[in-house]
Amino acid sequence: MRTPGMSKEAGMSMQVVGRRGRRRVVLGLVAVAAAALGATGSASAAPLKYVALGDSFSAGSGVGPPDTSAFQACIRSDRNYPKLLARRLGASIKDVTCAGADTRAFRNAQYREVGPQLNALSSDTELVTMTIGGNDNSVFFGTLFACAFTGGQGASCEQRYAATNDETLRTKTFPAVVQALKDVHDRAPRATVAILTYPMLLPPTGGCRARVPIAERDVPYIHRLQLQLNEVLRQAARQTGSFLIDVEPASVGHDACQADGVRWVEPASGGQNILHPGAPGMNAMAAKAFDALKDRRDQTTSAVREATRPGVVLTRRAIGSRRLQVGCTLRAATMRSCTVTVLSGSRPLTTVKLTRSRSTRTVTLRSSARRLTLRATALSTGGQRYTTRRTFTRSR
């Protein structure tokens, strides 16, 4: 998010105040999911293959802790809404979100160290999410920051920018978002492709100039401009057959002028990061995304429908010949605990108890048996019990 003429680096300093040699995997990574005990039948599937694209509102810029695997200038959080959503879905996630991205970053490298975001997609991708368009042509975020510097002097922001912004949104931003969505569909033809609207940054009137330096007279225009931007995203979703996750209605009353604990978006003064969602905003966006995918199953693929049903996701990875890392996640519910037993035939070899805070563990197997079974029983915080099992063959 940058004002016109600013460098990417300068733009990002405004956004945020805080800030393999190749190895063969012997056992690989699998996952299975099952219905609750007492239900008839069970379902099994690999973890949902999820790719997160987009700008700082997807990257969770400014929300700690940082994603240490990301290029530093992308200011990507380890608790952004895509990662939170992935945990609820029991999905494997490839997160290439990056602060300052616009639709050009889908096809072109945003930095020398950061390739085009579309490169993360493949024909196997099953879910894609994004927020994108807010940085395009400096219309929304550029205008927002430019208005912050006027101090309410001279012509109003609406007088200065409205005519140009209206034209640019219609003739440049809209077609750019449409093309970006089409490109995603082309690269990931089996995926549910979802675009989120932006949560509201300011109230309709009044504002809070002590915390967000926008003159009271200019607040209504900034508010309307964001409504226009979100409408562009809705229209682009409709035109491309994409899945719309409309965060805007639920975000009303949670703007940057609200009290701590109520607001989803942080103010410029007294907040964690400038006019970006804080941790509550990331949690809310993840929850709204999950609910939308779950409640409108008829608009999603079978893989996404499966991932929004409660069940155990069990992972395993070989570490050497005898050590095995096992993991347990409860998708579509919050896990309290999970007991994983490794068996050779009907004989238990080892049992580990996992929790939400420690959902993976490495065990040492003293058996040379090649055919093993993992059996998991997970308990949700709501008291529901879920179970699954998987048999596999070890490589020598």
Side-chain angles (χ1 to χ4, degrees), residues 20 23-50 65 68-69 78-79 83-93 126 286 290 303 306-396:
R20 299 179 193 95
R23 243 176 109 179
R24 187 168 67 95
V25 176
V26 178
L27 295 178
L29 179 69
V30 300
V32 292
L37 284 176
T40 57
S42 64
S44 62
L48 184 75
K49 297 180 179 66
Y50 170 25
T68 56
S69 68
D78 195 46
R79 292 180 184 167
K83 292 188 180 69
L84 298 176
L85 176 60
R87 291 166 196 167
R88 297 190 68 164
L89 295 169
S92 63
I93 184 171
E126 294 170 316
F290 179 83
E306 183 65 28
T308 54
R309 283 195 284 265
V312 184
V313 177
L314 185 63
T315 59
R316 60 177 170 82
R317 181 170 68 90
I319 304 175
S321 60
R322 291 291 179 93
R323 299 178 74 215
L324 181 70
Q325 184 186 80
V326 295
C328 185
T329 304
L330 186 55
R331 67 173 194 217
T334 303
M335 188 176 83
R336 178 186 298 170
S337 64
C338 181
T339 301
V340 179
T341 302
V342 184
L343 305 100
S344 174
S346 59
R347 180 170 64 94
L349 300 179
T350 187
T351 297
V352 295
K353 187 169 183 179
L354 303 173
T355 64
R356 185 182 181 190
S357 60
R358 189 180 183 186
S359 58
T360 62
R361 198 164 172 181
T362 300
V363 298
T364 300
L365 304 176
R366 304 192 181 282
S367 170
S368 59
R370 293 192 64 207
R371 191 168 177 80
L372 300 174
T373 298
L374 296 180
R375 184 178 65 202
T377 300
L379 185 67
S380 76
T381 53
Q384 293 81 22
R385 192 177 298 273
Y386 303 90
T387 186
T388 191
R389 63 188 293 135
R390 177 75 173 190
T391 299
F392 62 95
T393 301
R394 294 196 283 180
S395 297
R396 292 189 184 277

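A distance of 6.5 Å separates CZ of R370 from OG1 of T393, quoted to the nearest 0.5 Å. Summarising the geometry, atom CG belonging to D78 is positioned 9.0 Å from atom CG belonging to L84; distances are rounded to the nearest 0.5 Å. Note that CG of L354 is 7.5 Å distant from CZ of R361, once rounded to the nearest 0.5 Å.
Shortest non-hydrogen contact noted between A378 and V312 is CB-CG2, 3.9 Å. The two residues A91 and Y50 make their nearest non-hydrogen contact at CB-CB, 4.0 Å. Contact between C328 and V340 at its shortest, heavy atoms only, is CB-CG2, 4.3 Å. Of all non-hydrogen atoms in I93 and A86, the two that sit nearest each other are CB-CB, 3.9 Å. In terms of heavy-atom proximity, L330 sits nearest to S380 at CD2-CB, 3.5 Å. Here the closest heavy-atom approach between residue T308 and residue A332 is recorded as O-CB, 3.6 Å.
Between the side chain of R331 and the backbone N or O of E306, at least one donor-acceptor pair lies under 3.5 Å. Panel note: side chain R389, backbone R375; no donor-acceptor pair is recorded below 3.5 Å. Within the 3.5 Å criterion, the main-chain N or O of A376 finds a donor-acceptor partner in the side chain of T387.
Residues in residues 348-357 take part in these side-chain hydrogen bond (donor to acceptor under 3.5 Å, both in side chains) pairs, two or more places apart or across chains: T341-T351, T355-S357.
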Step by step, work out the side-chain contact (heavy atoms from CB on, under 4.5 Å) result for L374 and L324. CA-CA 11 Å; L374 296 180; L324 181 70; 4.2 Å; yes

For the pair L372 and F392, evaluate side-chain contact (heavy atoms from CB on, under 4.5 Å) and give the outcome as yes or no after the intermediate values. CA-CA 6 Å; L372 300 174; F392 62 95; 3.9 Å; yes

Applying side-chain contact (heavy atoms from CB on, under 4.5 Å) to M335 and T329, what does each step give before you reach the verdict? CA-CA 7 Å; M335 188 176 83; T329 304; 5.8 Å; no

Take L365 and V342 through the test side-chain contact (heavy atoms from CB on, under 4.5 Å) and record every step on the way to the result. CA-CA 9 Å; L365 304 176; V342 184; 4.0 Å; yes

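Applying the side-chain hydrogen bond (donor to acceptor under 3.5 Å, both in side chains) rule to S337 yields no partners; only residues at least two apart in sequence or on another chain are considered. Residues forming a side-chain hydrogen bond (donor to acceptor under 3.5 Å, both in side chains) with S69 (at least two apart in sequence, or on another chain): D67. Applying the salt bridge (charged side-chain N to carboxylate O under 4.0 Å, His left out) test to K49 and every residue at least two apart in sequence or in another chain returns nothing. The side-chain hydrogen bond (donor to acceptor under 3.5 Å, both in side chains) search around S359 returns none, not counting sequence neighbours. Annotation: side-chain hydrogen bond (donor to acceptor under 3.5 Å, both in side chains) contacts of T360 (sequence neighbours excluded): none.
Taking the side chain as every heavy atom from C-beta outward, R323 and V363 never approach each other to under 4.5 Å. Using a 4.5 Å heavy-atom cutoff, the side chains of S367 and R322 are not in contact.
Around atom CZ of R336, more than 12 heavy atoms belonging to other residues, nucleotides or ligands sit under 6.0 Å away.
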